[in-house]
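Within every chain, numbering begins at 1; the chains are lettered A, B, ... in the order of the sequence lines, protein sequences first and strands thereafter.
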Number of protein chains: 2
Amino acid sequence: MNSTHVEDRARQLAQGLKQAGLRLTPQRLSICRALAERKDHPTAQALYETLQKSMPTLSQATVYNTLEALVELGLIQDLGEAGDGATHYDIDPRPHINLVCTRCHRIVDLKEPALDGLAQRAAARSGYQVLGARIVYYGLCPECQHTTQ
Amino acid sequence: MNSTHVEDRARQLAQGLKQAGLRLTPQRLSICRALAERKDHPTAQALYETLQKSMPTLSQATVYNTLEALVELGLIQDLGEAGDGATHYDIDPRPHINLVCTRCHRIVDLKEPALDGLAQRAAARSGYQVLGARIVYYGLCPECQHTTQ
DNA sequence: ATGCATGCAAACTCTTTGCAAACGC
DNA sequence: GCGTTTGCAAAGAGTTTGCATGCAT
């Protein structure tokens, strides 16, 4: 997870958008770069606030639109909300478990081999065309278990 | 899934609330019964609208509060939103796959033995106290795959 | 040059909140 | 009777929308 890796990932996301026929605007590039730099599971608002520092005219709509496009392309995951009412995104599109703390709203990833191929099997059994996954367990993180409130 | 089963399930939910120290109000009983009768994965609003016919003074807050209590007790599942912006609930709390159609917003359940014990293993590996799950694949249902829009 | 994308701000919808009245236990 | 729960309505927050302007290709 060095800076080269971050740049590669940003390029992957941007290339994905381009190959889908979307234009590579400075805003979209910035969003892809911001996503690749993130080590957490940001919300649209969090990305917007971060990006606004270097791009004051950026609008929320652009952030939401770009995230939606990336999700539909399967390049990032839409994790739903984490107890804070806002949708969180996962930069890693590979199937894995997301552990959400409903108290501090932090999310950690967990590699889980049992999930490999599960989406394909589910698709075959149900007839659904599966476009994305949301494998989330929610509860309390180790830290929040030991706090009174 | 006959009417006896529905009544049993409603009683289970109500008993769960009672054992948690919550009072068995007519509103809560109605919500439990409405949940047990459902064969789909309703939103809070959908339940509210259904219940309002027989209980005109019921407030949205009560529906939201009761659903939140049932989720925290692990009696029902909070599936997050299904592409329509509203949170859907699953009456069945056992671990299984939920297939969400992002076009018609229908949700189907899929039994999946690979999920058994997964929550416990994830909890052990991560230190999280796991209180609930949200195992969702989203995509297009067989019907919506064959519609132009 | 063409038409997709952006910015802006208002609108929309789901959900939550506060407080007085009602009622389960 | 006590303390929780409800109802009501307004507030709150995340997200979406519409349209004129701007820019990637």
Using atom [atom1] of [X] as one end and atom [atom2] of [N] as the other, report the distance to the nearest whole Å.
X       : N      : atom1 : atom2 : answer
B/Glu68 : C/dC14 : CD    : C1'   : 14 Å
B/Leu58 : D/dT5  : CG    : P     : 15 Å
A/Leu17 : C/dC4  : CG    : P     : 17 Å
A/Tyr64 : D/dG14 : OH    : P     : 7 Å
A/Gln52 : C/dA9  : CD    : P     : 11 Å
A/Leu24 : C/dT6  : CG    : C1'   : 15 Å
B/Asn65 : D/dT4  : CG    : C1'   : 12 Å
B/Tyr48 : C/dT16 : OH    : C1'   : 14 Å

Is any side-chain N or O of [X] closer than 4.0 Å to OP1 or OP2 of [N]?
X       : N      : answer
B/Thr25 : D/dT6  : yes
A/Arg23 : D/dC23 : no
A/Thr87 : D/dT15 : yes
B/Thr62 : D/dG7  : yes
A/Ser59 : C/dC8  : no
B/Thr43 : C/dC14 : no
A/Arg28 : D/dA24 : no

- Query: How far does CZ of B/Arg23 sit from CG of B/Leu17, to the nearest 0.5 angstrom?
  - Reply: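 So the gap between those two atoms works out to 13.5 Å.
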side-chain contact (heavy atoms from CB on, under 4.5 Å) test vs B/Asp78 passes for just one of B/Glu72, B/His88, B/Glu68, B/Arg134, namely B/Arg134
On DNA chain D, more 5' by nearest nucleotide between B/Leu22 and B/Gln60 is B/Leu22
Walking DNA chain C from its 5' end, the first of B/Ala44 and B/Pro26 to be reached, judged by nearest nucleotide, is B/Ala44
Side-chain atoms of A/Gln27 come closest, of C/dT6, C/dT15, C/dG24, to C/dT6
Winner on side-chain proximity to B/Ala61, out of C/dC8, C/dT15, D/dC8, is D/dC8
Go through A/Leu118 and B/Tyr137 one step at a time and tell me if the side chain to side chain contact (heavy atoms under 4.5 Å, CB included) criterion holds. CA-CA 10 Å; A/Leu118 201 58; B/Tyr137 288 105; 3.5 Å; yes
Q | Greater than 12 external heavy atoms within 6.0 Å of B/Gln52's CD | A | yes
